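Remarks on the structure that follows.
Only a predicted model underlies this, so the values are computations on that prediction, with no experimental measurement involved.
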Amino acid sequence: MSEQNQGDAEYTDSYEDVSMFTLSDDRERTLLDRQTECTFMWTTSAGDPVGVIMNFVFDGDAFWLTCTRRRKRVPAIEARPRVAIAVSSRGTSIGISQAITYKGTAHVLDDEATLAWFYPLLAAKVRPGDPAAQAAFAAHLDSPGRVVIRIDPDARIGFDSEAMFANSPAGATKTEI
């Protein structure tokens, strides 16, 4: 990579390889704690990639999502459990253009103990500070045919644009949603 001096500050002026601008462990944890949505990706029987936006919880080194068994993603991941999840900082107050993608193995769970544990956990994340709204949301989730999807990640790709644009004359991203 080419480096140039601008006063005393050094910056990278070639972004062909951005792998050095990964998300630090503490910024990754903050992102996973604060963000409520991820893009969940799997493949169809024809091999086509598909992704949807879903609420998630990261707990115990795994991602946890929920949907009804009627969703096409459930039999797809039961047949082909290799999946991916992407999480971005957009829509949060922690900064712009932080992102992380994980690859892993998905497991479909529908036992009562998992459902009873997960619903209040997700409700607390997506309805913070409002116990009545959390209880209502958890009750809404408790429907026939609902499953929980646990993803055990085994690979990650992180990106932090603040690290990439540090000391750059281009400056950091300013766009917000």
Do [X] side-chain atoms and [Y] backbone N/O form a donor-acceptor pair below 3.5 Å?
X	Y	value
T44	D48	yes
T66	V147	yes
Q134	R127	yes

Please evaluate residues Y119 and T114 with respect to the criterion side chain to side chain contact (heavy atoms under 4.5 Å, CB included), reporting the C-alpha separation (whole Å), side-chain torsions for both, the decisive distance (0.1 Å), and the verdict.
CA-CA 9 Å; Y119 297 160; T114 299; over 6 Å; no
[X] vs [Y] side-chain heavy atoms within contact, under 4.5 Å:
X	Y	result
P75	V108	no
I149	C67	yes
L115	V148	yes
D111	W117	no
F40	I151	yes
C38	F63	no

Answer yes or no: does atom CZ of R71 have more than 12 heavy-atom neighbours from other residues, nucleotides or ligands under 6.0 Å?
no
Answer yes or no: are there more than 12 heavy-atom neighbours, outside D61 itself, under 6.0 Å from its atom CG?
no
Report the C-alpha separation of F56 and T36 in whole Å, then their side-chain angles, then the decisive distance to 0.1 Å, and conclude whether the side chain to side chain contact (heavy atoms under 4.5 Å, CB included) test is met.
CA-CA 6 Å; F56 77 95; T36 59; 5.8 Å; no
Taking atom CH2 of W64 and atom CZ of F58, what is their separation to the nearest 0.5 Å?
11.0 Å
Any chance you could measure T101, atom OG1, to I85, atom CD1, to the nearest 0.5 Å?
10.0 Å
Six-ring centre of F137, K125 cation under 6.0 angstrom, axis tolerance 45°
no
R69: partners by side chain to side chain donor-acceptor pair (under 3.5 Å), with sequence neighbours left out:
E78, D110
Could you walk me through whether D59 and L121 pass side chain to side chain contact (heavy atoms under 4.5 Å, CB included), step by step?
CA-CA 9 Å; D59 186 79; L121 191 65; 4.3 Å; yes
Step by step, would you call D152 with H107 a side chain to side chain contact (heavy atoms under 4.5 Å, CB included)?
CA-CA 8 Å; D152 298 319; H107 308 272; 3.0 Å; yes
Are the charged groups of D142 and R146 less than 4.0 angstrom apart, N to O?
no
Residues R82, D154: salt bridge by 4.0 Å N-O rule
yes
